[in-house]
Every structure is written in structure tokens, then in C-alpha cells.
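First comes the structure, then the notes that go with it.
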Amino acid sequence: MSEPAISLRGLSKAYAGGKQALKGIDLDIPRGSIFGLLGPNGAGKSTTINILAGLVNKSAGSARIWGFDIDEHPRNAKASIGIVPQELVFDAFFTPFETLELQAGLFGVPKARRRTMELLRAVRLDDKAHVYSRTLSGGMKRRLLVAKALVHNPPVLVLDEPTAGVDIELRQLLWDYVRDLHSMGTTIVLTTHYLEEAESLCDRIAIINHGEVVANDLTSILLGTTGDKVLEVVVDRDLAAIPPALSGCKAIELQGPRTLVITYDKRHNNAGAVLAMMAAAGLGVIEVSTREADLEDVFLELTSGPKIQNAAA
Ligand code: ADP
Ligand code: MG
């Protein structure tokens, strides 16, 4: 098995002001995936990306890009990744053409191997190649940053909130291009807080909240299409903890003193069996509702509710 495209171990960041933005992130992003890093504003997505980009120094832990540790082999690590930052930062007095040439120079791409016009065509900016970048619209700037991230032909492309401020039509264009890159072998990582975007694009999704990974799975599993069902049960007494007798389910959350949200795999389990487990635990059931899980549920459950307890699946 090849090494992950990106591998994070115990990655932590405390900002100078004392803000603990990352609290020990463990994450493997497989090669060849389109990976969504999701989380609400302030979760730590950009901090993670910016550590990979070398823009933020981590406080602890390690990060490997394409097998290269960012401390031990910073040049190889940097050469393996292209990053489109969340903030639209670049020199407004360069043209898109110059911006890409300059970046290629920074990465030591020899003139003969530069793809400046090819990249500008790919992001539909070839007709803007020689205008000042400051005259570009927000969407055009974003696309220029995508091209800029690709000048050294990295195997991994990371896009931090790529559609922020990009209008719908250009958003589609951006995604088409990202899909093309992916089909040609580039591993794609994107952060977003738009769930629909991640649902349609990503094959795997990790959700982070308050600097911690709270979920990491195939999108199809997170979406419940492979069998997850959610059962919400109101019981007849207050619960201080989740009864151990309910361990046969995939995930159980105590959502209120009397409300249990139980996720089970409908291929191996059913509502009747779950309710029988409740009875065996000595709990009376007052109310039951059931539904398929969707990403929004998963996201909300993981990022807003009380602490999740995962029993063995
Ligand atoms: P996200 O990209 O998921 O919205 P960020 O990584 O930007 O989250 O931020 C994570 C946390 O770190 C937030 O609480 C944010 O306010 C804080 N933070 C981000 N950048 C800085 C900084 N330069 N100095 C201090 N705190 C920061
Ligand atoms: Mg961010």
C-alpha cells in the first residue's frame, strides 16, 4: 500500500494569543482521492492547510506530504503540493502571465517546462493573460490562484474554501477543472463549509470541529447510502450515561437526558433489534422516529451536539 498523499499525526497549533486552534489532528488522506475537509468557521481547516503550506508553524505533531516530512524534507514536501489559499493574496501589479512565470521561477521550473499559457487556458484566463491582476473579478482571481498552485505540477492540490466569492457559473467551471485534474491523477483536498459541494464532489470526508477530527469516512458511509439509519428514541427516565447494553450499534449519542440518537447499519441490524436491546437494558420507550442519515445530520450531530460516543460497529 502506498503512503497517503497527506498524513498528519498529533498536529497541534496554539496561536500566539493562546488560541488552541488544533488539538492533535490525526488524519490520512489517501492518494487519488477527492478529500473534503469540512467544519464550521473557526474549526481549524485553514490552520491545517496553512501548516502544510508552510505559512503557519505547527506547535506539535508531524505532517507528511507525499511521504515527505515537512520538517525533515521541506523542499520535497513543498514540491509535492499546490495550495490555493482562502485569502485572495497576490501582487496586484503583476499580470496573470507574470504571476505564473514568477511562481514557476520560485519552484525552479525550467523555462522549457513551464506551462503558463496552458494553465491560463485551463482556468479560462488566457484572454486576461496580460492585464493587471487587480482588474480581475473575485472568481477570476480564485482561478488564477488555482493555476498558480499548479505551476510545478504537484501530485496534490489543496483548495481552501475555493468557492467563497465565486459566482455559480464560474464555480461550475472550477469544479469541472478540478474533476479533470482528479481524473488525470491529482489528489484533491478541499475545505468547505458548504455541505452540498462536498457531497457531490468528495469521495472521502473528514469533519473537524474545535481543532479535532470528529469524523473521517467515505462520503457514501457518512451519507448513509451504504446502510446507516438513524433512530431517535425517547426513553422513560433520565440517563446519566449510555447503557452498556446498547453496544451493538454503530454510534449512540445522548442528545438530552432522555433522548438517544442511535445509528445502526440496516444491513446488519434493524429497528426491532435496537428496541429489543433497549428493553434488555431495562429502558421503557416513549417515542421512536427513524430516518436515513444525510451529511447535514452527520455534520450537525458531530459539530453541535454533546460529545459523541462510538461503540464498536
Ligand atoms: P477555519 O479555516 O476552519 O474557519 P481557522 O483555522 O482559520 O478555521 O481558525 C481556527 C481558530 O484559530 C479560530 O478560532 C481562529 O480565530 C483562530 N486563528 C486563526 N488564525 C489565527 C491567527 N493568526 N492568530 C490567532 N488566532 C487565529
Ligand atoms: Mg478557513
Side-chain angles (χ1 to χ4, degrees), residues 5-29 33-65 70 77-78 81-90 138-139 141-146 148-149 156-167 171 174-175 178 187-199 201-202 204-217 219 222 295-296 298-305 307-308:
I6 292 174
S7 183
L8 311 176
R9 287 294 173 274
L11 193 67
S12 300
K13 174 64 186 178
Y15 281 107
K19 172 75 197 177
Q20 188 75 35
L22 300 180
K23 301 168 185 164
I25 299 278
D26 292 318
L27 192 64
D28 284 335
I29 298 179
S33 55
I34 299 193
F35 195 97
L37 190 58
L38 271 64
N41 277 324
K45 305 181 296 295
S46 292
T47 300
T48 305
I49 302 308
N50 290 339
I51 290 171
L52 294 172
L55 299 171
V56 166
N57 290 320
K58 60 188 164 59
S59 308
S62 65
R64 295 167 80 84
I65 303 169
I70 61 168
K78 254 191 144 70
I81 197 166
I83 292 184
V84 184
Q86 180 172 357
E87 307 299 332
L88 295 170
V89 282
F90 49 85
K141 285 175 179 160
R142 183 74 61 191
R143 283 181 285 139
L144 175 57
L145 289 181
V146 173
K148 187 179 167 192
V156 186
L157 177 67
V158 179
L159 303 123
D160 194 359
E161 303 278 355
T163 46
V166 177
D167 58 61
R171 193 178 287 197
L174 183 66
W175 290 140
V178 165
T187 300
I188 309 286
V189 182
L190 60 100
T191 79
T192 181
H193 56 273
Y194 297 114
L195 297 176
E196 285 163 38
E197 222 160 68
E199 246 181 70
L201 269 165
C202 301
R204 287 192 75 94
I205 287 176
I207 299 175
I208 64 172
N209 195 30
H210 300 303
E212 291 177 298
V213 176
V214 293
N216 176 15
D217 223 323
T219 308
L222 284 176
L295 191 53
E296 179 121 24
V298 177
F299 189 83
L300 286 175
E301 262 177 47
L302 293 175
T303 57
S304 57
K307 192 112 185 114
I308 296 291

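Numbering of ligands and ligand atoms starts at 1, following listing order.
A donor-acceptor pair is defined here as one N or O able to donate and one able to accept, closer than 3.5 Å; such a pair exists between the side chain of Ser59 and the backbone of Ala14. Of the possible donor and acceptor atoms, one in the side chain of Arg142 sits under 3.5 Å from a partner among the backbone N and O of Pro162. At distances below 3.5 Å, at least one donor-acceptor pair connects side-chain atoms of Ser12 with backbone N or O atoms of Gly24.
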Going through the checks in order, is the side chain to side chain contact (heavy atoms under 4.5 Å, CB included) test met by Leu27 and Ile208? CA-CA 10 Å; Leu27 192 64; Ile208 64 172; 5.8 Å; no

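Within a 4.0 Å radius of atom 16 (O) of ligand 1, the protein has no heavy atom.
Partner of Leu159 under the side-chain contact (heavy atoms from CB on, under 4.5 Å) criterion, chosen from Ile188, Ile49, Val189: Ile188.
The distance from the Mg ion (ligand 2) to the nearest N/O/S atom of Asn41 is not under 2.8 Å. At least one N, O or S atom of Ser46 sits under 2.8 Å from the Mg ion (ligand 2).
Taking the side chain as every heavy atom from C-beta outward, Ile34 and Leu190 approach each other to under 4.5 Å.
Close approach of ligand 1 to Ser46 (heavy-atom distance below 4.0 Å) involves ligand atoms 1 (P), 2 (O), 6 (O), 7 (O). Under a 4.0 Å criterion applied to the non-hydrogen atoms of Thr47, ligand 1 contributes the atoms 5 (P), 6 (O), 9 (O), 10 (C).
Once rounded to the nearest 0.5 Å, the distance linking OG1 of Thr219 with CZ of Phe35 reads 9.0 Å. How far CG of Leu222 is from CZ of Arg204: 8.5 Å, rounded to the nearest 0.5 Å.
Nearest protein neighbour of atom 19 (C) of ligand 1, counting heavy atoms only, is Tyr15 CE1, 3.4 Å. Protein heavy atom nearest atom 13 (C) of ligand 1, with residue, atom name and distance: Gly42 O, 3.7 Å. At the top of the distance list for atom 8 (O) of ligand 1, counting protein heavy atoms only, stands Gly44 N, 3.2 Å.
Using a 4.0 Å cut-off between heavy atoms, Pro40 contacts ligand 1 through its backbone alone, with no side-chain atom that close.
Of the candidates Lys19, Glu161, Gln86, Lys13, it is Lys19 that places a heavy atom closest to atom 14 (O) of ligand 1.
Of the N or O atoms in Ala43, one or more lie within a sub-3.5 Å distance of an N or O in ligand 1.
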